[in-house]
Amino acid sequence: MGLDEESRSLFEEDFHFKPTMLVGFRLNPNSPEYAAGCRTMLRASLLLLEHGRDGVLLFNGEHIVLQRIGGVLTLNADRGNWTDGLHLANEITVPYKIQPLNSPLL
């Protein structure tokens, strides 16, 4: 998957970083494995962010689940159900904070 220049510029303006990669996840909310899929998606996203540059995990392309901006990892307090079942202290190996994150995309 790729991002066109207009999308990159939008992210740069709204989130203050210019993405070089787009990773997409597709989870079936009707699947009995949905909760496990959410945990796997979060773990994969955290791994990418912990070892990469800035980024943002969006639900439906507009709601912020978590972000790493300026090297600071923030989990959206308003999207708490995404972290259900995760032992955050064991899962996240870098400093992070939890606070409400308003999406500039809404």
Side-chain angles (χ1 to χ4, degrees):
M1 269 188 225
L3 286 170
D4 59 28
E5 190 57 37
E6 183 180 340
S7 296
R8 286 186 182 147
S9 295
L10 177 70
F11 268 81
E12 188 171 25
E13 181 181 314
D14 290 341
F15 292 102
H16 309 293
F17 73 92
K18 197 166 194 172
T20 58
M21 172 177 39
L22 171 67
V23 177
F25 299 95
R26 182 169 294 193
L27 301 172
N28 179 352
N30 298 317
S31 168
E33 300 297 320
Y34 180 70
C38 287
R39 287 190 300 275
T40 300
M41 178 193 59
L42 278 170
R43 287 182 181 122
S45 299
L46 290 168
L47 183 65
L48 287 169
L49 291 173
E50 288 173 6
H51 297 284
R53 295 182 291 230
D54 291 347
V56 61
L57 175 61
L58 299 172
F59 173 73
N60 277 348
E62 54 194 16
H63 298 278
I64 301 170
V65 176
L66 58 86
Q67 67 183 25
R68 181 175 183 221
I69 307 292
V72 177
L73 179 62
T74 307
L75 283 68
N76 191 347
D78 295 334
R79 308 290 309 170
N81 61 326
W82 285 93
T83 58
D84 289 352
L86 288 179
H87 300 284
L88 295 178
N90 295 332
E91 302 279 348
I92 303 175
T93 60
V94 297
Y96 68 93
K97 58 186 176 177
I98 300 174
Q99 69 184 49
L101 296 170
N102 296 319
S103 178
L105 303 173
L106 293 175

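FYI, side chains are in, hydrogens and waters are out, and symmetry mates aren't considered; it's all heavy atoms of this structure.
- The nearest pair of heavy atoms linking Gly71 to Asp54 is N-OD1, 3.2 Å.
- For the side-chain contact (heavy atoms from CB on, under 4.5 Å) test, residues two or more places apart in sequence or in another chain that qualify with Leu73 are Leu46, Leu49, Leu66, Arg68, Leu75, Ile92, Val94, Tyr96.
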For residues 17-32, please give each side-chain donor-acceptor pair under 3.5 Å, one per line with the distance, not counting sequence neighbours.
from  : atom 1 : to    : atom 2 : distance (Å)
Lys18 : NZ     : Glu5  : OE2    : 2.9
Thr20 : OG1    : Arg53 : NH2    : 3.1
Asn28 : OD1    : Asn30 : N      : 2.8
Ser31 : OG     : Glu33 : N      : 3.0

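- A pairwise comparison of heavy atoms in Ala77 and Pro100 identifies CB-N, 3.7 Å as the closest pair.
- With sequence neighbours left out, the side-chain contact (heavy atoms from CB on, under 4.5 Å) criterion links Glu62 to Leu105, Leu106.
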message: Test side-chain contact (heavy atoms from CB on, under 4.5 Å) on Leu10 and Glu12; report intermediate values, then the result.
response: CA-CA 5 Å; Leu10 177 70; Glu12 188 171 25; over 6 Å; no

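- Panel note: side chain Asn76, backbone Ile98; no donor-acceptor pair is recorded below 3.5 Å.
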**OP:** Show your reasoning for whether side-chain contact (heavy atoms from CB on, under 4.5 Å) applies to Ile64 and Val56.
**Re:** CA-CA 7 Å; Ile64 301 170; Val56 61; 4.0 Å; yes

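- With values rounded to the nearest 0.5 angstrom, Arg8 atom CZ is found 6.0 Å from Leu3 atom CG.
- The distance from the CG atom of Asp4 to the OG atom of Ser9 is 8.5 Å, given to the nearest 0.5 Å.
- Not counting sequence neighbours, Thr40 has no partner by the side chain to side chain donor-acceptor pair (under 3.5 Å) test.
- For the side chain to side chain donor-acceptor pair (under 3.5 Å) test, residues two or more places apart in sequence or in another chain that qualify with Glu50 are Thr93.
- Residues in residues 53-78 take part in these ring pair (Phe, Tyr, Trp, His ring centres under 6.0 Å) pairs, two or more places apart or across chains: Phe59-Trp82.
- Smallest separation of non-hydrogen atoms from Gly55 and Ile69: O-CD1, 4.3 Å.
- Two residues are said to be in side-chain contact when any heavy atoms from C-beta on lie closer than 4.5 Å; Gln99 and Thr74 meet this criterion.
- Here the closest non-hydrogen pair linking Asp78 and Leu101 is OD2-N, 4.4 Å.
- At a threshold of 4.5 Å between side-chain heavy atoms, the hydrophobic network of Ile, Leu, Val, Met, Phe, Trp and Tyr places Tyr34 and Leu42 in one connected group.
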